[in-house]
Amino acid sequence: MTSLPNVPLTLNTSENDLTLEFYDPCLKWAKKYDRGVGYFTSNWIRLNAHGLSHFATNGGTARWLTSPILEGEDMEALSKGLMGPEDVDLVASLKKEVKLLQSYLEEETRNAIGWLVYDGILEFRFAIPTNSLEGGDFHDKFGIFYGDEEKLSFNGSVNDSKKGGRNYESIKVFPTWKGLGDFVDDDIKRFERIWNNKDENLKIFDLPSAIRKDIFSLRTLERPYQLSEEKKSENKWRHQDEAIKSFLDVGNGILEMATGTGKTRTSLNIVNILHNNKSIKSAIITVDGSDLLEQWSKEVGIWTNLTIYKQFSRYKEIAGFLLNPENAVLIISREFLVKYIHNFTKQLLNNSIIICDEVHGLGSPMLVKNLSTKIRPFKYRLGLSATPERAYDENGNNFIEGEIGEKIFEFGLEDAIKRGILCEFDYIPLEFQLTQEDRKKVKTLIATHNAKKQSGEYVADETLFRDIARVKKVSKAKLPTFYSLLNSNRNILDRSIIFVETKEFGEEVQKILIRFEPNYHTYYGEDDRQNLLRFSNGELNCLITSKRISEGIDISSVNNIILFSADKAKIQTIQRIGRSLRLDSNNPDKRAAVVDFIQVSENGNSDQERKTWLYEISKIKREE
């Protein structure tokens, strides 16, 4: 355990060097630092860089309550509640401060600030006096250092600025190990009350997302400190906090987050925040598929204290929700949402958030027709997806943006692999050539399409492309190549999911599979659900399926994906390979594999494009 800091009980700027005699020993000892101070400039970080590097390496985190330097009219509007932290005037004022940092400070100090905020070691909130203190400043100056068991607080007139060290200033120090714990406890209670916006005469604002990103951009060099192992593990999930802030800044929009990066938990944290601050009374969660809806029910039960009502499959509980929606969550399929959304009262809409998981599915023609203008009245609207855009469907995409909002946050596969949230993977492309029978089918499809066009019948080119793609997806030319792979690499079937286009093609794959891995089964629909559960708990080693588990199902032990069927659009491929990229606590050295079938073609094709794209992602290495 780090020895307690030996600091005087009273220090002043005339007789003491506050950096060497107070801040440096305290920062080297502490695991947490809370500071309430009237004015802060980054020059304090420059003076205390040595102690801060130890503080950060030891896993320390700091919270700063300070006054923003704002124009008079902005300060007045904020203090009277006429504008919030998301308003442009506040953002613009804070942007000026970031530009001043960039102009006045040497590169090393700017870099340190950027990293400290980026890593969540340094967090700012702004305090504006209001009510009986309206028109004044947040001018208090106190702080608390926390060790493993002991604590130390201090009070005095020193600001955390360059000028604060030039004035005659002093501080009083109250260590718990010298019997002064009552003073420390009072300072802790006061800081927590202010930080959590519970002082009736102060209004507290978070650092807006736009300013946070500007501060991140100050990073020009490597970290000037080493992250602790605990902080490395905690820090890799910081994107969830960034996503939450992005949503709360605007109140509606889409979070694009790769499979396995915590979309569900992030959205439920948003629900808890909005519910706790009384912005909402209820939540509606909608998606297709009983598996996903059951999983949502489980997660809502774990992460919230709200009453759960279900309206999907065998569950018929919407009447109970409509009678008593306060402090409740309705988990409902899209089919039932269409049926019952007209029963949602204006009061319910004004006090609810709707969460549309796998939001790209919301743009289907049927839902566009039946839900147009019906999602927009919800007070808060949140869309979730690893791939929110619908391929070749401008109408569906426009509907989603109009009802839910724009994409407001992105954290993709590449980001997740670099951060160590998803595992690295090997890409194994297997080439094949269409059989003579396949070529005949393609020629027939083209001839039929052209004949219909010539006769004046309207036929969409997209329909022809889909029909040709289907021929490729079920080409038996892939089967000998698959057999050869298994002969040389039987392990590719360990904890694997094989995606096929049709049940009939899956039967052809089974004829080969049975020779190498008898412990497999199929999963094509609701009647096979037990097989999914058996695969999830390890009873089955391999699963053959079509589209049923492309989305949302969390089976972290999946090692390998075999793509007999893959679309031109990236949506499906990202969803499917994501099944294998989740980390597995029982296999800390996990490295996934993706097997893909690539049609050989002189002129290039969508398979070749997918090969290039997946190969580039497979080269990404973990950086954190």
Mutual orientation of the aromatic rings belonging to His239 and Trp237 [parallel < 30°, tilted 30-60°, perpendicular > 60°]: tilted
Aromatic ring pairing Tyr380/Phe247, orientation class (parallel under 30°, perpendicular over 60°, tilted between): tilted
Inspect the contact between [Y] and [X] and indicate whether a charged nitrogen and a carboxylate oxygen are less than 4.0 angstrom apart.
X: Lys621; Y: Glu623; answer: no
X: Glu326; Y: Lys281; answer: yes
X: Glu242; Y: Lys245; answer: no
X: Asp357; Y: Lys263; answer: no
X: Lys189; Y: Asp186; answer: no

Side-chain contact, heavy-atom cut-off 4.5 Å: [X] with [Y]?
X: Tyr33; Y: Tyr146; answer: no
X: Asn252; Y: Ile404; answer: no
X: Phe409; Y: Glu256; answer: no
X: Val329; Y: Thr307; answer: no
X: Ile353; Y: Ile284; answer: no
X: Phe145; Y: Asp34; answer: no

Tell me if a side-chain donor or acceptor on [X] pairs with a main-chain N or O of [Y] at a distance below 3.5 Å.
X: Asn196; Y: Lys198; value: no
X: Glu424; Y: Lys619; value: no
X: Lys379; Y: Ser279; value: yes
X: Thr13; Y: Glu169; value: yes
X: Asn197; Y: Ile204; value: yes
X: Arg591; Y: Cys423; value: no

Side chain to side chain donor-acceptor pair (under 3.5 Å) evaluation trace for Thr176 with Glu150: CA-CA 6 Å; Thr176 56; Glu150 303 285 1; 2.4 Å; yes
Non-neighbouring partners of Asp241 that pass side chain to side chain contact (heavy atoms under 4.5 Å, CB included), sequence neighbours left out: Ile244
Asn12 and Ser170 side chains, donor-acceptor separation under 3.5 Å: no
Distance (rounded to the nearest 0.5 Å) between Asn58 CG and Ile121 CD1: 10.5 Å
Separation between OG1 of Thr266 and CZ of Phe411, rounded to the nearest 0.5 Å: 10.0 Å
Salt bridge (Lys or Arg N to Asp or Glu O under 4.0 Å) partners for Arg622, two or more places apart: none
With His54 via ring pair (Phe, Tyr, Trp, His ring centres under 6.0 Å) - residues at least two apart: His50
Ring-face cation contact, Phe142 with Arg35, 6.0 Å cut, 45° max: no
Six-ring centre of Trp64, Arg125 cation under 6.0 angstrom, axis tolerance 45°: no
Result of checking Asn16, Asp17, Leu27, Leu152 against Phe22 for side chain to side chain contact (heavy atoms under 4.5 Å, CB included): Leu152
Worked check of side chain to side chain donor-acceptor pair (under 3.5 Å) between Lys172 and Thr10: CA-CA 5 Å; Lys172 295 285 187 181; Thr10 302; 3.2 Å; yes
Sub-6.0 Å ring centroid separation between Trp177 and Trp29: yes
